[in-house]
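In what follows, a structure is listed as structure tokens, so that the remarks can point back to it.
Note on naming: letters A, B, ... go to the chains in the order of the sequence lines (proteins, then strands), and numbering restarts at 1 for each one.
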Number of protein chains: 2
Amino acid sequence: MNIGEASKASGVSAKMIRYYEQIGLIRAVGRTESGYRIYSTTDVETLRFIRRARDLGFSVEEMGTLLALWQDKQRESGDVKRVAMQHVVAIEKRIHELEGMARTLRHLAGHCHGDDRPDCPILDDLAAIAAVEKPAARRPALKGRHRGDIAPA
Amino acid sequence: MNIGEASKASGVSAKMIRYYEQIGLIRAVGRTESGYRIYSTTDVETLRFIRRARDLGFSVEEMGTLLALWQDKQRESGDVKRVAMQHVVAIEKRIHELEGMARTLRHLAGHCHGDDRPDCPILDDLAAIAAVEKPAARRPALKGRHRGDIAPA
DNA sequence: CCTTGACCTTCCAATAATGGGAAGGTCCAT
DNA sequence: ATGGACCTTCCCATTATTGGAAGGTCAAGG
């Protein structure tokens, strides 16, 4: 089947399939005489694996590791579990950070009239001459373009 | 004071201060004859405001909105509260997504021996021929380069 | 006065994962 | 043969941030 069909069957866009091939996450598949990529059901299974891992927030790099382990019938399940748990820890760290932000904002908003008066504790807090703290790691905003977020350092 | 001092006083890197100026988040400050940027304490307060907002996960765009509201003494606190709460909702949505991922992974890991045996439910799940679901919005991984994450569409 | 090191300036590149689109070739059904 | 739906490659944009190169400036010490 061609890339469009493989895309539909796997849930990974054709753009991303080409990208994954380009960066070496998946092997370069065969081509027709006219240059069209040809995918086998095995290839589609791999893509589906990627799709699922991506939905669980694994980065491309982690997916590479998982794919290698998946294809290595001799791997030790401990290796897989380790990768998974590292990811869980990263996710949970991220959750805690976000919870802190949400908590603070909800607290501030709770003290804001939220009406036509200009007085606003939220802005007052943002403007507060507070001590500069730990820089903390920053990640992109959720402008919607990506999917899983969270990856190990 | 020059950009290095303003950076230390605000907790925003010199690189980012220049960037924020470039994209118009902050006004272009004055320069010395030799071209060095000069910052006033007011400028530093603005930078600190930005720093704080950034730590609460606001995107540059949202920071622009908040800054405008902050500097508009006539603003209605309701406008500020709205921006803040929209952000909270986005954060909480993200938290739920991450919790779902963590829950699934913890569950799978719980069924994985995690020893030297090759048998692994985690990989089995990833490879499962599951129905392709909702594509869901994807965001970058937390490779550490950024800070707040979460912004409205 | 000159050197040196710490700063400053601008410009360009890379990051992660994805979408958008252009220019051009292909395939298949009318 | 024509058209529309696909395919191909290539380049660009996105977000927030850091890194580095090349070159100018400043202040302190000699």
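As a whole-Å value, the separation of B:Met16 CE from D:dA16 C1' is 5 Å. Separating the CD1 atom of A:Ile50 from the P atom of C:dA17 is a distance of 12 Å, rounded to the nearest angstrom. The separation between B:Arg18 atom CZ and C:dC7 atom P is 13 Å, rounded to whole Å. Here C:dT15 presents its C1' atom at 13 Å from CD1 of A:Ile23, a figure rounded to the nearest Å. Computed from coordinates, the A:Glu21 CD to C:dA17 P distance equals 17 Å when rounded to whole Å. In this structure, B:Arg31 atom CZ and C:dT9 atom C1' are separated by 8 Å, rounded to whole Å. Distance, B:Gln22 CD to C:dT10 C1': 10 Å, rounded to whole Å. Distance, B:Lys15 NZ to C:dC12 C1': 10 Å, rounded to whole Å.
Within the nucleic acid shown, A:Ser13 comes within 4.0 Å of sugar-phosphate atoms alone, with no base atom in reach, counting heavy atoms only. Using a 4.0 Å heavy-atom distance criterion, B:Arg37 is classed as a sugar-phosphate-only contact.
Look at A:Tyr20 and you'll find a side-chain N or O under 4.0 angstrom from OP1 or OP2 of C:dT18. For A:Ser34, no side-chain nitrogen or oxygen approaches OP1 or OP2 of D:dC7 to under 4.0 Å.
B:Tyr36 and B:Ile26 sit in two unconnected hydrophobic clusters of ILVMFWY residues. Membership requires side-chain heavy atoms under 4.5 Å apart, directly or through other members. When hydrophobic clusters are built by joining Ile, Leu, Val, Met, Phe, Trp and Tyr residues whose side-chain heavy atoms come closer than 4.5 Å, directly or via intermediates, A:Leu67 is grouped together with A:Val29. A:Val89 and B:Ile95 are members of different hydrophobic clusters when ILVMFWY side chains are connected at heavy-atom separations under 4.5 Å.
When every heavy atom of A:Ser7 is checked against every heavy atom of A:Ser13, the shortest pair comes out as OG-CA, 3.5 Å.
Note that the CG atom of B:Leu105 and the CZ atom of A:Phe58 stand 4.5 Å from one another [nearest 0.5 Å].
The rotation axes computed at either terminus of the helix from C:dC1-D:dG30 to C:dT30-D:dA1 lie 30° apart, taking five pairs at each end and rounding to 10 degrees.
The shortest side-chain heavy-atom distance between A:Tyr20 and A:Arg54 falls under the 4.5 Å cut-off.
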Under the side-chain hydrogen bond (donor to acceptor under 3.5 Å, both in side chains) rule, what do B:Asp43 and B:Ser40 come out as? Steps first, then yes or no, please.
CA-CA 5 Å; B:Asp43 293 326; B:Ser40 66; 3.1 Å; yes
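On a pure distance criterion of 3.5 Å, a polar donor-acceptor pair joins the side chain of B:Tyr36 and the base of D:dG24.
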